[in-house]
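Throughout, a chain's letter reflects where its sequence line sits, starting with A, and its residues are numbered from 1.
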Protein chains: 2
Amino acid sequence: MQLENNSSIDRHSPVPIYHQIKELIKEKIEKGELKPDEKLPSETEMEDKLGVSRMTASKALSQLENEDYIYREQGKGSFVTPPKMRNSLLSLTSFSEDMEQRGFQPGGKILKSEIIKGNKIVAAELETEPEEEVFALHRIRLADEEPLAIEKSYIRTSYCKGIEKINFTNRSLYSTFEEKYGIQLHKAEKAIEAVPATKVQAKQLNIDAGEPVLSVDQTTHVKGERNPIEYMEAVYRGDQYKLLVQLDR
Amino acid sequence: MQLENNSSIDRHSPVPIYHQIKELIKEKIEKGELKPDEKLPSETEMEDKLGVSRMTASKALSQLENEDYIYREQGKGSFVTPPKMRNSLLSLTSFSEDMEQRGFQPGGKILKSEIIKGNKIVAAELETEPEEEVFALHRIRLADEEPLAIEKSYIRTSYCKGIEKINFTNRSLYSTFEEKYGIQLHKAEKAIEAVPATKVQAKQLNIDAGEPVLSVDQTTHVKGERNPIEYMEAVYRGDQYKLLVQLDR
DNA sequence: AAGTGGTCTAGACCACGAA
DNA sequence: TCGTGGTCTAGACCACTTG
């Protein structure tokens with residue numbers, strides 16, 4: 001990798017230098033200017049070429065290693081992580097995003113879309129007061145017209161006022177959070193079980209009662225907020241749906 | 001928090017100082033000596049009391065923030081993350097570790113424990129040559145004496161020579177990697193499905209054929225290595241096992 | 001021996017928050 | 001104003017890898 005002598009670093013920018021270096025390298029990796037397993041400039045090389053201290057260069061490279069863009073080997077150097085090893089599975093996605101990724105046409109049928117008073121379970125999961133109002137959105141989710149899942153979402157309305165007026169038939173809940181309300185999703189917990197379909201579920205999913213389905217309870221959190229924004233109880237057809245997750249550390 | 005003047009830090013240990021500080025604080029949080037939202041010593045305080053440079057103290061605190069043990073606010077200080085906000089779900093754990101966390105006595109019964117030539121599926125998942133030898137470890141896993149899961153692991157032997165000589169009846173595979181081979185696990189992908197139990201599975205798990213079970217295919221990676229160390233096909237009793245995962249971003 | 005990353009030091013200036 | 005974390009510097013010693 002070539003380093004333009006001392007250009008590309010703006011010492012008067014409010015953006016920290018190590019962050020500028022990070023972005024510089026990320027960009028080169030994403031553009032393909034840096035090939036998989038290609039050696040990056042060493043810390044001392046950056047010291048000279050970019051005119052920064054070694055600790056600063058080191059910080060940039062350490063963080064890139066944490067984010068899995070590069071790997072480092074003592075005595076050898078820093079190298080670009082080949083794409084195969086990189087986090088390839090999207091972690092926090094909605095059904096719509098998920099289906100599009102898999103090449104299916106997502107669709108939906110609304111069962112319920114209204115403000116309700118949360119019941120005990122919902123209140124406990126959302127950490128709301130028992131009488132507090134929440135937005136309930138129950139949908140049957142389709143992939144290429146076939147019913148694939150039943151999703152019952154309960155949403156804390158204080159983060160997204162007026163959400164009950166939106167038609168979610170073919171709209172992603174998560175992209176609505178992000179685009180309409182500027183809400184950045186942070187993390188989620190899923191509790192996953194294999195259970196037999198109830199009669200009602202079987203009818204809605206067009207399968208036989210007792211067939212295995214994937215039951216997923218999910219709590220979704222927003223960046224910087226202590227309380228969750230969404231609690232969802234979902235059921236997926238066992239014969240048609242595979243859940244992919246990526247675990248770290 | 002009280003800091004014992006300069007004790008508890010061993011400057012001649014091969015363990016880095018920042019890591020010693022991290023462990024010190026983690027321990028106090030886990031023991032409850034540091035309460036939720038309690039203020040930690042500041043960086044300058046650690047400089048004085050522990051006799052380390054500020055950068056070292058800062059590194060320890062930064063990493064604790066990344067690991068969600070503490071949160072930091074400019075101008076205010078560093079504080080213990082309340083347990084509710086903390087990542088409570090271990091991400092990459094073995095069955096044994098998992099069961100201990102849930103308060104069950106883990107146990108096991110070995111079905112197979114030998115070096116084999118990998119079949120096509122295994123070779124593809126482990127990215128080995130089709131004729132390459134792998135260590136096959138098939139176990140029935142027990143929780144409080146009850147069969148709960150069937151785990152079939154295939155392990156790349158080049159990372160852990162001699163592993164076939166170890167008795168894994170009551171031993172964790174992952175802690176063996178870490179303690180005996182010094183292998184640091186990095187990340188894993190799981191593909192999760194709800195399927196009906198086959199006759200053989202039903203017998204081994206002491207349930208009826210056709211009952212829902214959780215089928216999980218997992219590929220596990222090691223830090224700094226491009227190829228996976230383990231591919232596992234596991235089946236968990238649907239009525240007894242819930243899989244918890246934490247998703248980020 | 002030379003190059004690399006891993007760690008550590010003893011300073012420094014800044015922006016932010018609370019008093 | 002003072003204490004805090006956020007960043008940065010210019011050195012240093014070490015262990016590891018490669019020639």
Exercise. Hey, which of these two, B:Gly75 or B:Arg11, hits DNA chain C nearer its 5' end, going by closest nucleotide?
Worked result: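 The answer here is B:Arg11.
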Problem set entry | Step-by-step ring-ring contact (aromatic ring centres under 6.0 Å, His included) determination, B:His138 to B:Phe168 | CA-CA 10 Å; B:His138 297 187; B:Phe168 282 102; over 10 Å; no
Exercise. Mind checking which nucleotides bracket the chain A contacts on DNA chain C, 5' to 3', with an atom under 4.0 Å from a heavy atom?
Worked result: C:dG3 to C:dC8
Which is true for [X] with a 4.0 Å heavy-atom rule: it touches a base, it touches only sugar-phosphate, or it touches nothing?
X       : value
A:Glu47 : nothing
B:Ser62 : nothing
A:Ser78 : sugar-phosphate
A:Ile17 : sugar-phosphate

For this session: Rounded off to whole Å, could you give me the CD1-to-P distance for the B:Ile70 and D:dG5 pair?
Result: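 Atom-to-atom, B:Ile70 to D:dG5, this comes out as 9 Å.
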For this session: Take atom OH of B:Tyr18 and atom P of D:dC14, then tell me their distance rounded to the nearest Å.
Result: 18 Å
For this session: Decide, yes or no, whether a salt bridge links B:Glu27 with B:Lys31 under the criterion of side-chain N to carboxylate O below 4.0 Å.
Result: yes
Exercise. What's the shortest heavy-atom distance between B:Met99 and B:Ala143, and which atoms?
Worked result: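 Closest heavy-atom pair between B:Met99 and B:Ala143: SD-CB, 3.8 Å.
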Exercise. Looking only at heavy atoms, which two atoms of B:Tyr236 and B:Glu151 are closest? And how far apart?
Worked result: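 Here B:Tyr236 and B:Glu151 meet closest at OH-OE2, 3.2 Å.
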Seminar exercise, completed: Between A:Thr56 and A:Gln74, whichever has its closest DNA chain D nucleotide further toward 5' is A:Thr56
For this session: Only counting residues at least two apart or in another chain, list the ones meeting side chain to side chain donor-acceptor pair (under 3.5 Å) with B:Ser113.
Result: none
Exercise. With a distance cut-off below 6.0 Å to the six-membered ring centre and an angular limit of 45° from the axis, does B:Arg102 pair with B:Tyr241 as a cation-pi contact?
Worked result: yes
Exercise. Does A:Lys76 have a side-chain nitrogen or oxygen under 4.0 Å from the phosphate oxygens OP1 or OP2 of D:dT18?
Worked result: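 So the side chain of A:Lys76 is within the cut-off, an N or O lying under 4.0 Å from OP1 or OP2 of D:dT18.
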